[in-house]
Asker: 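Just dropping this structure here.
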Amino acid sequence: MSTHFGKGHHLHLIDGSAFIFRAYHALPPLTRKSDGLPIGAVSGFCNMLQRYISDNTGPDAPTHVAVIFDKGSHTFRNDMFPEYKANREAMPEDLRPQIPLTRQATEAFNIACKELEGFEADDIIATLSVQARDAGGRVTIISSDKDLMQLVGGGVEMFDAMKNRRIDRDGVMEKFGVGPERVVDVQALAGDSVDNVPGAPGIGVKTAALLINEYGTLEDLLDRAEEIKQPKRRETLIEKRDQIELSKRLVQLDCATPLDFTLDDLEVRDPDADRLLAFLAEMEFRTLTKRISQALDVEPPVIPDAPAPSTSEDTAPEWPAIDSEKYERVSDTNALQRWIDQIITRGYVAFDTETTSLNEMQANLVGICLSVVPGEACYIPLQHKDGNADDLFGSDAILDGQLPLEDTLAALKPILEDPAILKIGQNMKYDAKVLARYNISIHPIDDTMLMSYALNSGIHNHGMDTLSERYLTHTPIPIKELLGTGKSAITFDRVPIDEAVKYAAEDADITLRLWHTFKHQLHKSHVTTVYERLERPLVPVLAQMERHGIKVDRETLSRMSNAFAQKMAGLEAEIHELAGERFNVGSPKQLGEILFDKMGIEGGKKGKTGAYATGADVLEDLATEHELPARVLDWRQLSKLKSTYTDALQDHIDPDTGRVHTSYVQTGASTGRLASTDPNLQNIPVRTEEGRRIREAFVPEPGNTLVSLDYSQIELRILAHMADIEALKKAFSDGLDIHAMTASEMFDVPMEDMTPEVRRRAKAINFGVIYGISGFGLARNLRIPRSEAQAFIDRYFERFPGIRSYMDSTVEFAKAHGYVQTLFGRKIHTPEIAAKGPRAGFARRAAINAPIQGTAADIIRRAMIRMPEVISNLPCKMLLQVHDELLFEVENGAEEHVIETAKEVMQDAAKPALHIDVPLVVDAGQGANWAEAH
DNA sequence: CCTGTCACG
DNA sequence: GACGTACGTGACAGGG
């Protein structure tokens, strides 16, 4: 490029420090094999740079780019204010030596790398942004740091690489409530606890934006501070004027730092393959070296194996890159036989089915994919049809060139059912359910989704796309590309076979690679037992339950739906009458405007979107004074029951079985609980009489009864055991009413004189403890003043000091290890525990709750896993799980026997792995529908 | 597609 | 000292 930076040019400025810290926290503490040098952050940093480069090759690619770093810890801001950034935690020991390596990495990628003694990276970014903007070019700052938002505008934008989101003027407005040019004013007032910028005490971003928008600028505001109505605010602004002005100088970026280079020096350069690969090889990044060698089409350098005795499992696998063009299509019996022979020789195979539907009850098999060696995979098309036939007739013919379905399944069945051949899949419950329709019972299995869940619950989700991107740095072909979306979407049997081969075989290849990756990690992380005893064996149990389904009576639902509709129409008329106009009662926006603007009710609070809050808690408060909100609450309840239950549930009745088949998501909840979807049968109403009647539609087949068994107070019992609270343990052993007992202890009321109100409060506190109690939360729940709630909590901890030490030690453990554990060794990772600000509170409470909720989840899983064997001789089926409840369908006459048997399994489910100091009690019920049984 | 709301343990 | 707060989920309707 001969011209100087100017119009038509596009400068990217990467916030290097942000990259480093994100890389450091995202990756485990990797070390260089040969000498143990910590290189986790460098590895992540390189991967991010590589990702950045490959993501920025299009027509909008930058013409100029630089990575900007901080240098030293002392800047001109410390001269103004010695405490600036003084409460920053020290850099972790294993990160420090990696900092210079990230500079080297940047240079190795042949990207300009800039820093300046005495200035922060933000100042350099500011200076370059202004220069580029003044020259008429565009700028994108790759960072999500709010301190940089003051630079946005006039061709300068930010890009949050984490959220994959551009931040423009509107984004800044959203964050600060003012435009970029006034951001420093707001920051000066609000201060920043992270950087230790003092600001104006008692004023946050919200208030600051309000003030600035009213007075125009910070200076005008300070000059006219006398006019402010709120006395406290006025005094603060007058008294702390110096401090506020100092804060502004601290947050104001320096747009004129003395740089010894120009924009033209930042022109994008081609990579220098030798230099880059030499660096990567020196770091001993095997996978990345390989990948980049291929991308640059050069011979990869040899990275010598570590001299130390290394087992093969420690070295990064030497796999070929994932290449969807290289997969095989299997169209004849010879080829099929070759694959079968190979599978038998290996003893394992990665396996995946392609079908016509996500609903396994209706999914027809379209094809099968297999892989036994990374990079080698095949697709066996079986039922593909012509995707281009426009005529309605004749297009349903199976295309030529495919093996016959029945013969192929007959050939594969011995493999799939061979106890000596391991079948590896991603979400095997799906494939198991599909194959069950074809009379194939696939076993034994491994499931990469469940391996990932055992390893990494709490860190990320466990879908194939996530895992492939995270562990193989490869983005799989999106299924959307084959099927399309929305109304025009096609089913997999209409996908051209050549396309299907690439997509489907790639999934098997990825699954096999993930399996190799996770297999050793399970041992190293000590979660093999969790995976083998709590995750893997649950797959066939859930598959069986889901396939059974539960009978739901359409007539009952339909009748209720009509009744609800009538009641709602009546309420709606009343509401419109009260409002004096017609409006959509179902629209929170319109309702808020009616209540607070038109009717002028006091106390309307707007949320972050600017809409009035109209939640049940708000309406309940208003309902004591006003008629309309009370009617809306009634209407909302009916609306919910009708739309979510009486109407939607009917659509889930399977036409073939007449039953409803939910899907349990085994990896859905970080704690180990299951989630239920399509439909969710874990949130069928029970708390109100009207809602409870929905359960009357859940019925047994004629000649059968529904039996419900549920654990009584399981989480409190686990807490009593884990925190080792003698008084609670004794109360449970003696079979006392635990809430009444808590109340008696706390309020010095004898058990005989217990009032329902006192017991209710104690119950709320007991639940609060499980949730990581806070004065605010308890106050809101009990609708009492915060001071009173805090007094209850203090009293509770005084009486049960063991609970407090349990909570403290759990949080300490989470901070030290980054995870917490259930009594059965399940790990729940808590990456946010080190966070600052309000997120810390969330993480703290989640860490306290997770071992309790998770242990209860483990216990019922153990019961479920044991159940099929124990009830195999009884005329009954296990149908549903609702966290602490199991629902069975039992032939008439066998009820008592089943209750006795299943109850014992549930009560003893923790044994023999674990002795719990408290008895686990299970209550039983039975009836002609779920309402009666529960 | 996101937000608010509300159903469950 | 302010901030925003009970834990874990999924589905539906409204509104851009």
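Everything numeric here is computed off the predicted structure, so don't read it as measured data. Chain letters run A, B, ... following the sequence lines, proteins first and then strands; every chain starts at 1.
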Asker: Roughly how many Å is it from CG in N849(A) to C1' in dG9(B), rounded to a whole number?
Answerer: 11 Å
Asker: At 4.0 Å (heavy atoms only), tell me whether G668(A) reaches a base, stays on the sugar-phosphate, or touches nothing.
Answerer: sugar-phosphate
Asker: With a cut-off of less than 4.0 Å, is there a side-chain N or O of S587(A) near OP1 or OP2 of dG15(C)?
Answerer: yes
Asker: Q187(A) and K146(A): which non-hydrogen atoms are nearest, and at how many Å?
Answerer: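 The answer is NE2-O, 4.3 Å.
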Asker: May I ask you to establish whether K827(A) and Y819(A) are in a cation-pi arrangement, using a distance under 6.0 Å from NZ or CZ to the six-membered ring centre and at most 45° from the ring axis?
Answerer: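 Yes, K827(A) lies over the aromatic ring of Y819(A).
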Asker: Would you say the side chain of R786(A) and the base of dT5(C) hold a donor-acceptor pair, judged only by whether the two atoms sit under 3.5 Å apart?
Answerer: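 Side chain to base: pair present.
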Asker: Regarding A764(A), tell me which of base, sugar-phosphate or nothing describes its non-hydrogen contacts under 4.0 Å with the strands shown.
Answerer: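 A764(A): base contact, heavy atoms under 4.0 Å.
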Asker: Rounded to whole angstrom units, what separation is found between the CZ atom of F767(A) and the P atom of dG8(C)?
Answerer: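 In whole Å, dG8(C) P and F767(A) CZ are 16 Å from each other.
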Asker: Rounded to whole angstrom, note down the P distance from dT5(B) over to dT5(C).
Answerer: 14 Å
Asker: Which whole-number value in Å describes the distance from L591(A) CG to dT5(B) P?
Answerer: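 Atom CG in L591(A) sits about 9 Å away from atom P in dT5(B).
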Asker: Answer yes or no: is there a donor N or O on one side and an acceptor on the other, between the side chain of H462(A) and the main chain of L450(A), under 3.5 Å?
Answerer: no
Asker: Counting any heavy atom closer than 4.0 Å, what does Q637(A) reach on the DNA or RNA strands: base, sugar-phosphate only, or nothing?
Answerer: sugar-phosphate
Asker: Does P685(A) reach a base, just sugar-phosphate, or nothing at all? Heavy atoms under 4.0 Å.
Answerer: sugar-phosphate
Asker: For F776(A) and G202(A), take the nucleotide of DNA chain C holding the closest heavy atom to each; which residue's nucleotide lies nearer the 5' end?
Answerer: G202(A)
Asker: Does S670(A) reach a base, just sugar-phosphate, or nothing at all? Heavy atoms under 4.0 Å.
Answerer: sugar-phosphate
Asker: Taking NZ, NE, NH1 and NH2 as the nitrogens, is one of them in E239(A) or R234(A) under 4.0 Å from a carboxylate oxygen of the other?
Answerer: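 Salt bridge flag = no for R234(A) with E239(A).
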Asker: Students often get this wrong, so: under 4.0 angstrom with heavy atoms, is I684(A) touching a base, only sugar-phosphate, or nothing?
Answerer: sugar-phosphate
Asker: Please report, rounded to the nearest Å, how far the C1' atom of dG9(B) is from the CG atom of N680(A).
Answerer: 11 Å
Asker: Check the pair F800(A) / Y796(A) against ring-ring contact (aromatic ring centres under 6.0 Å, His included), numbers first and verdict last.
Answerer: CA-CA 6 Å; F800(A) 303 106; Y796(A) 184 93; 4.9 Å; yes
Asker: Kindly say whether A834(A) contributes a backbone atom to a donor-acceptor pair with the side chain of K815(A) at under 3.5 angstrom?
Answerer: no
Asker: Whole angstrom is fine here: how far is it from CG in N781(A) over to P in dT5(C)?
Answerer: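 These atoms are roughly 16 Å apart.
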Asker: Identify, between R845(A) and K232(A), the residue whose nearest nucleotide on DNA chain C lies closer to the 5' end.
Answerer: K232(A)
Asker: I'd like to know if E932(A) and R692(A) make a salt bridge, using a cut-off of under 4.0 Å between side-chain N and carboxylate O.
Answerer: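 Between R692(A) and E932(A) there is no salt bridge, as every charged N stays at least 4.0 Å from the carboxylate O atoms.
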Asker: Applying a 4.0 Å non-hydrogen cut-off, can you work out what R636(A) is touching in the nucleic acid: base, sugar-phosphate, or nothing?
Answerer: sugar-phosphate
Asker: Under 4.0 Å, counting only non-hydrogen atoms across every strand here, what does G772(A) touch: a base, just sugar-phosphate, or nothing?
Answerer: nothing
Asker: Which dot-bracket string fits DNA chain C when only Watson-Crick or G-U wobble pairs with both atom distances under 3.5 Å count, crossing pairs get [ ], and | stands for a partner on a different strand?
Answerer: ......|||||||||.
Asker: Between dA2(C) atom P and D195(A) atom CG, what is the distance in whole Å?
Answerer: 20 Å
Asker: Reckon N683(A) touches a base, only the sugar-phosphate, or nothing at all at heavy-atom distances under 4.0 Å?
Answerer: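 Base contact.
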Asker: Please evaluate the base of dG9(B) for a donor-acceptor partner in the side chain of R687(A) within a cut-off of under 3.5 Å?
Answerer: yes
Asker: Would you please confirm or rule out a distance under 4.0 Å between OP1 or OP2 of dA6(C) and any side-chain N or O of R780(A)?
Answerer: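 So the side chain of R780(A) is within the cut-off, an N or O lying under 4.0 Å from OP1 or OP2 of dA6(C).
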Asker: Looking at every strand, decide which applies to V686(A) at a 4.0 Å heavy-atom threshold: base, sugar-phosphate, or nothing.
Answerer: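 If one applies the 4.0 Å heavy-atom cut-off, V686(A) turns out to touch the sugar-phosphate alone, with no base involved.
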Asker: Which part of the nucleic acid, if any, lies within contact of D884(A), taking any heavy atom under 4.0 Å across all strands shown: a base, the sugar-phosphate backbone alone, or nothing?
Answerer: sugar-phosphate
Asker: Could you tell me whether A648(A) contacts a base, only the sugar-phosphate backbone, or nothing, with contacts defined as non-hydrogen atoms closer than 4.0 Å?
Answerer: sugar-phosphate
Asker: Scan side-chain atoms only and decide if N456(A) and H829(A) contain a donor-acceptor pair under the 3.5 Å cut-off.
Answerer: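 No, H829(A) and N456(A) have no side-chain donor paired with an acceptor closer than 3.5 Å.
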Asker: Using a cut-off of 4.0 Å on non-hydrogen atoms, how would the nucleic acid contact of E715(A) be classed: base, sugar-phosphate, or nothing?
Answerer: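 No contact.
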Asker: Taking only Lys NZ, Arg NE, NH1 and NH2, and the carboxylate oxygens of Asp or Glu, determine whether R169(A) and E174(A) approach each other closer than 4.0 Å.
Answerer: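 No, R169(A) and E174(A) are not salt-bridged.
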Asker: How is L778(A) classified with respect to the nucleic acid when contacts are heavy atoms under 4.0 Å: base, sugar-phosphate, or nothing?
Answerer: base
Asker: Using atom P in both nucleotides, what's the gap between dC6(B) and dA6(C) to the nearest angstrom?
Answerer: 15 Å
